[in-house]
Amino acid sequence: QVLLVESGGGLVQAGGSLRLSCVASGNFLSIHDYSWYRQGPGKQREMVATILRDGSTKTADSVKGRFTISRDNALNTAFLQMNSLKPEDTGAYFCNAQGREDSSRLFDAWGRGTSVTVSS
């Protein structure tokens, strides 16, 4: 079993910044990929960024140039640096991780989320 815990959400004015973190714990051999998803009120869940095992990254067009995903493998942690925040960035942000458990079985884990609110 793999547990993910997000933190760093909060209330910020438009143009401000926040840094989210996602810490993984439990019985696993490796984490291959981390992704951040978000869901605003009345909206569908959206993938905002992902980082692969080799360090390559991709971001959604809606956040390109403003958000940066990174990882620290020694700490089993992923980060999402969010700059130039806009009111439409408001929502619940969820961390997802994929990898292998100690049994070598693949896992797909989700955190419970952290709330981000951007005011105008």
- request: Go through the steps for Met82 and Leu80 under the test side chain to side chain contact (heavy atoms under 4.5 Å, CB included), then give the verdict.
  value: CA-CA 6 Å; Met82 305 186 294; Leu80 185 68; 3.9 Å; yes
Residue pair Lys86, Arg66: steps toward the side chain to side chain contact (heavy atoms under 4.5 Å, CB included) verdict: CA-CA 10 Å; Lys86 304 175 180 179; Arg66 301 187 297 118; 3.9 Å; yes
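Applying the salt bridge (Lys or Arg N to Asp or Glu O under 4.0 Å) test to every pair with at least one member in residues 25-54, sequence neighbours left out, gives these pairs: Arg38-Glu46, Arg38-Asp89.
Interatomic distance, NZ of Lys58 versus CD1 of Ile69, reported as 10.5 Å (0.5 Å rounding). Here OG of Ser21 is found 15.0 Å from CZ of Arg71. Values are rounded to the nearest 0.5 Å. Summarising the geometry, atom OG belonging to Ser115 is positioned 9.0 Å from atom CG belonging to Leu11; distances are rounded to the nearest 0.5 Å. In this structure, the separation between NE2 on His32 and OG on Ser30 is 3.5 Å, given to the nearest 0.5 Å.
A pairwise comparison of heavy atoms in Ser25 and Phe28 identifies C-CE2, 3.8 Å as the closest pair. Closest non-hydrogen pair, Leu75 versus Thr77, comes out as O-OG1, 2.8 Å.
Val116 is listed as a side-chain neighbour of Leu18, based on a closest heavy-atom distance under 4.5 Å. In this structure the side chain of Leu20 reaches within 4.5 angstrom of the side chain of Thr114, judged on heavy atoms. In this structure, the side chains of Gln98 and Leu106 stay at 4.5 Å or more apart for every pair of heavy atoms. Contact annotation: the side chain of Glu6 approaches that of Phe94 to within less than 4.5 Å [non-hydrogen atoms, C-beta and beyond]. You'll find the side chain of Val2 stays beyond 4.5 Å of the side chain of Asn27, heavy atoms only.
Aromatic pair Phe67/Trp36: ring centres not closer than 6.0 Å.
The side-chain contact (heavy atoms from CB on, under 4.5 Å) check on Ala97 picks up Leu4, Ile31, Tyr34, Phe107, with sequence neighbours excluded.
In this structure, Arg19 is positioned above the aromatic face of Phe79, its NZ or CZ under 6.0 Å from the six-membered ring centre and within 45° of the axis.
Listed for the Ser62 side chain is no donor-acceptor partner under 3.5 Å among the backbone atoms of Ala60.
With hydrogens and angles left out, the side-chain atoms of Thr117 and Thr90 include no donor and acceptor closer than 3.5 Å. Counting only N and O atoms by type, the side chains of Ser17 and Asn83 include a donor and acceptor under 3.5 Å apart.
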